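Note that this is a predicted model, so its numbers are computed, not measured. Note on naming: letters A, B, ... go to the chains in the order of the sequence lines (proteins, then strands), and numbering restarts at 1 for each one.
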2 protein chains.
Amino acid sequence: MVSVAKTQLDPAVENPAVENPAEETEPVKLGRRRDHTRDPDILAAAVDVLAECGYDGMTIDMVATRAKAGKATLYRRWPSKGELVIDAVACMKNADLNLSQLPDTGTLRGDLIAMIKPHSIEDGEKKLRVIAGLMSLLAHSPELAETARVSVVEPRVTAHRFLLRRAVERGEISPSCDIDNLSTVTTAMASMRILFESKTIDREFLISLIDGVILPAAGLSPGTGTGPVAEPPAPAETAVTAR
Amino acid sequence: MVSVAKTQLDPAVENPAVENPAEETEPVKLGRRRDHTRDPDILAAAVDVLAECGYDGMTIDMVATRAKAGKATLYRRWPSKGELVIDAVACMKNADLNLSQLPDTGTLRGDLIAMIKPHSIEDGEKKLRVIAGLMSLLAHSPELAETARVSVVEPRVTAHRFLLRRAVERGEISPSCDIDNLSTVTTAMASMRILFESKTIDREFLISLIDGVILPAAGLSPGTGTGPVAEPPAPAETAVTAR
DNA sequence: TATATACGATACTGTGGAGTTCCGGATCTT
DNA sequence: AAGATCCGGAACTCCACAGTATCGTATATA
């Protein structure tokens, strides 16, 4: 169940101007052309339904109705429910976490706190609910699992890794820190909270993770302000290049 | 879908000797009696199928066949698929993590490492796969969500919390440590790894969590306990016990 | 022995949803 | 204009599965 996604990714099939000489002959283009401006609406509707009902609870009719489209329209664009879902999950990626317009406050704690934004939290919760809804498929569909990971988990972990590496370069924390694990902790703990405990993520929880886990594990003791108040039990031996 | 579980928990309905005077009249007990020694087999079969196929992929026939039982037998004992699943999830709890026969090596690191057992890892992975298979239901069934949490997450977090508290009482780590978050980190990270990354849990990963996250966050530099230390990128100044 | 229930096995019923087809109308090419 | 394809909408087919009923057999009470 659920095989390969290709729609949305191969403009040659849709664009009349492009023709692959060695490809299967795309004979002509006659009649009314497909309105691709509707694709995002349909995919967004699919994401909404996925978040609410999960994969098995979602029906094509639900998606079509919510997108104010006909069922046949959906099947004209995606060959099956599974492929529609794969595209829907993949299109969740966009979001906001652009590689390097991340906060740069000068301290790791400042950066981590600056990443706490209500919009980002809400967005993350919804995406996690989508993942939860199709989690039973992930074990049997490595492709979907990878798509989900890249869309939801990967961007957040990458952002944290970036901030941690910069803190190392800045000399704020030791290079011997376990960057890989530390950059995953917040996402893992937030996932646990949403998926298993049915709680929501709030600012207080995220700050408790920063001050109670990440910063101490990085060798920093949390200060009250934005600045680093390094006061570990053992004196830090690393080169303290205060920015 | 999926309502209340009561089977297995009310011996009065099954035991001929017990009769509730104000209850519904249990008239008599005639004919062949139900063989309750089969219950565990059926529930175990249900857990197996759940782990492999998820809730929606699981059929009653699969469970009956695997348990070498008849479909009617299952419906004689559980009124619906949903209630069977609730009981199956609840019966995963037993396991091994008895409250206080946990390791006591004298050091936090020793205790945490002593908790790493192949059997426990394998058991945890299977249970997580079960949870993954019915995760889309958890959002709509708080009862099932709580049952799952109590069966899978709660015991492990509680065990870690116990070890951390003992380390505080022992004076090994500071009472100001964020015990609640730290006792959840390992389970959260392991869940992330299995559910999102389709990786397995191994000893190396768990030790890297202990030495890279938990102990540093608790204010301990790794190497004070027994056993090998996870290899950090930078030269460790601690006693290098090359295994 | 007569009666009643549990057992595994199998056949049956009912329903919900994936996927298909057809419709009247709109939009494109030639 | 003619023909082809799109659109939203609705009716349709097909099938898998939850749940029920039945059968021959086994095990219980009275």
Side-chain angles (χ1 to χ4, degrees), chain A residues 1-3 7 13-17 19 26-39 41-42 45-46 49-50 52-86 88 133-134 136-137, chain B residues 1-3 7 13-17 19 26-39 41-42 45-46 49-50 52-86 88 133-134 136-137:
Chain A
M1 68 184 84
V2 174
S3 54
T7 327
V13 183
E14 323 293 352
N15 192 339
E19 180 133 6
E26 194 76 36
V28 279
K29 317 99 220 268
L30 213 49
R32 180 174 176 175
R33 280 173 307 193
R34 194 169 290 172
D35 178 12
H36 271 182
T37 66
R38 302 295 319 278
D39 283 7
D41 302 85
I42 298 173
V49 177
L50 273 180
E52 291 176 22
C53 311
Y55 179 85
D56 296 282
M58 155 183 159
T59 70
I60 299 292
D61 282 298
M62 287 183 195
V63 179
T65 301
R66 187 166 312 208
K68 294 187 183 47
K71 206 166 150 185
T73 300
L74 271 68
Y75 276 102
R76 251 178 245 117
R77 305 178 187 213
W78 292 275
S80 69
K81 174 182 176 182
E83 307 230 20
L84 167 63
V85 167
I86 290 181
L134 38 79
S136 57
L137 303 182
Chain B
M1 70 182 81
V2 174
S3 54
T7 328
V13 184
E14 323 294 354
N15 190 338
E19 181 133 4
E26 194 76 37
V28 277
K29 317 101 218 265
L30 213 50
R32 181 174 175 175
R33 279 171 307 189
R34 195 169 289 174
D35 179 11
H36 272 184
T37 67
R38 302 294 320 277
D39 283 6
D41 303 84
I42 298 173
V49 177
L50 273 180
E52 289 177 22
C53 311
Y55 179 84
D56 296 280
M58 155 184 159
T59 69
I60 298 292
D61 282 298
M62 287 183 196
V63 179
T65 301
R66 187 167 309 211
K68 294 187 181 52
K71 208 165 146 184
T73 299
L74 271 67
Y75 277 102
R76 249 177 247 118
R77 305 179 187 210
W78 291 275
S80 70
K81 176 182 175 182
E83 307 229 21
L84 167 63
V85 167
I86 290 181
L134 38 80
S136 58
L137 301 183

query = What residue among B/Lys81, B/Met58, B/Lys71 forms side-chain contact (heavy atoms from CB on, under 4.5 Å) with B/Val63?
reply = B/Met58
remark   = Whole-Å distance, B/Asp35 CG to C/dA6 C1', equals 9 Å
ask   = What nucleotide, of D/dA18, C/dG19, D/dT29, holds the atom closest to the side chain of B/Leu30?
value = D/dT29
task = Take atom OH of B/Tyr75 and atom C1' of C/dA6, then tell me their distance rounded to the nearest Å.
result = 18 Å
Integer-rounded Å distance: C/dA18 P and A/Asp56 CG = 9 Å
ask   = After noting the C-alpha distance and the side-chain angles of A/Val85 and A/Leu137, does the key distance pass the side-chain contact (heavy atoms from CB on, under 4.5 Å) rule?
value = CA-CA 11 Å; A/Val85 167; A/Leu137 303 182; 5.7 Å; no
task = Assign B/Met58 to base, sugar-phosphate, or nothing according to its heavy-atom contacts below 4.0 angstrom with the strands shown.
result = sugar-phosphate
key: A/Arg33 side chain near D/dA4 phosphate (N/O to OP1/OP2, under 4.0 Å)   = no
query = So how far is it from A/Leu74 CG to A/Ile42 CD1, rounded to the nearest 0.5 Å?
reply = 4.5 Å
task = To the nearest Å, give me how far apart CZ (B/Arg38) and P (D/dT27) are.
result = 14 Å
query = To the nearest Å, how far apart are A/Lys71 NZ and C/dG17 P?
reply = 10 Å
ask   = Looking for any heavy atom pair under 4.0 Å, which part of the strands does A/Ala72 touch: base, sugar-phosphate only, or nothing?
value = base
inquiry  = What verdict does the side-chain contact (heavy atoms from CB on, under 4.5 Å) test give for B/Tyr55 and A/Asp56, after you've listed the backbone C-alpha separation in whole Å, the side-chain angles of each residue and the deciding distance to 0.1 Å?
reply    = CA-CA 10 Å; B/Tyr55 179 84; A/Asp56 296 282; over 6 Å; no
message = Rounded to whole Å, how long is the line connecting atom CG of A/Asp61 with atom P of D/dA11?
response = 12 Å
inquiry  = Please report the distance, rounded to the nearest Å, between CZ in B/Arg76 and C1' in D/dT22.
reply    = 12 Å
request  = For A/Ile60 and for B/Ala69, find the nucleotide of DNA chain C with the closest heavy atom, then tell me which residue's nucleotide is more 5'.
outcome  = B/Ala69
key: Of A/Thr73 and B/Arg32, the one whose closest DNA chain D nucleotide lies more 5'   = A/Thr73
key: Side-chain donor or acceptor of A/Arg38 paired with backbone N/O of A/Thr73 under 3.5 Å   = no
ask   = In whole angstrom, what separates A/Tyr55's OH from C/dG17's P?
value = 13 Å
